[in-house]
Amino acid sequence: MNLIDGKAISAAIRAELKEKVAGMEKRPGLAVILVGDDPASAVYVRNKKKACEEVGIYSEVYTLPAETSQSDLNGLIDALNDNPAINGILVQLPLPKHLNEREVTLRISPEKDVDAFHPYNVGLITEGHPRFLPCTPAGIMELIRRSGIDPAGKRAVVIGRSNIVGKPMALLLLAANATVTVCHSKTADLPAVTREADILVSAVGKAGFVTADMVKEGAVVIDVGMNRDADGKLCGDVDFPSVAPKSSFITPVPGGVGPMTITMLLSNTIKAKDAMYFLDRESTKEA
Ligand code: GUN
């Protein structure tokens, strides 16, 4: 069994990104919007700001009260869409119930959509011509590649079909030439399907969901879960003590997928800046 060290891989990529930013004429800028006072979201947003500082990306954090109206939120997004110092915009999800997440997703300019949630960017990914890659699935692909694993020809099984993880994960594995199955709460005989997996990705959100009987000997096991166990300790979906000995590679929680998500956000923000620089030069050429 090999442990995939997400912290170490993430640190290596951040060092590469820091060098890239240092060589840019102007720093990329990221705006993060947090509505309400969900404590987990507040931690994620703080970590994003810290990560930006670490690689030299300019960042602005907007902390709005829970009762913020849709039109005020839309107004802030419009202003950030028009702000040339901002290359990436991220609205931390979930939003308070009275706000419409889909409206927010559609409002963010596709050029600044560093989450890759806008239908335009989802369409590009589906086509196989992505501009931004969704952060968590992209981070997982990096973990797989940098561990020397080639998904081509392998059976990949994804448990979970969310727009943030499961669905885009399936698309990226497909683009890497894996044979992909997506499972969900209505899947019949889930263990029979997951036992076929050479690469098993679990994005369920239930502690202890993936047990040893669901895993093929020698499988690569990727755990996207971020759960709390009975003692309040952070844990994934995978029953690590029983699954790890059967797997060829496995990600721990914490220290596996988690650190990669923000790293990919940084990468997308730099990519957004690069793209605008290119567009600026194109428009200058024409002028
Ligand atoms: N909440 C949990 N994951 C994410 C994410 O990847 N992006 C945003 N915007 N919100 C999230």
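In listed order, ligands and their atoms are each counted from 1. Quantities reported herein were computed from a predicted structural model and do not represent experimental measurements. Position 1 is the first residue of the sequence, and the numbers go up from there.
In this structure, E19 places its CD atom where only 12 or fewer heavy-atom neighbours from other residues, nucleotides or ligands lie under 6.0 Å away. When the shell of 6.0 Å around CG of D37 is examined, it contains 12 or fewer heavy atoms from other residues, nucleotides or ligands. Few gaps surround NZ on K216; more than 12 heavy atoms of other groups in view lie less than 6.0 Å from it.
Applying the salt bridge (charged side-chain N to carboxylate O under 4.0 Å, His left out) definition to pairs two or more places apart or across chains, those involving residues 42-53 are K49-E53.
Applying the salt bridge (Lys or Arg N to Asp or Glu O under 4.0 Å) test to D78 and every residue at least two apart in sequence or in another chain returns R107.
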Are there any N/O pairs under 3.5 Å between ligand 1 and the protein, and if so, what are their distances?
unit_1, atom_1, unit_2, atom_2, d
ligand 1, 1 (N), Q92, NE2, 3.3
ligand 1, 1 (N), L93, O, 2.9
ligand 1, 7 (N), D115, OD1, 3.0
ligand 1, 7 (N), D115, OD2, 3.4
ligand 1, 9 (N), V91, O, 2.8
ligand 1, 9 (N), D115, OD2, 2.7
ligand 1, 10 (N), L93, N, 3.0

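Other members of the cluster containing L106 do not exist, because no ILVMFWY side chain is joined to it at under 4.5 Å.
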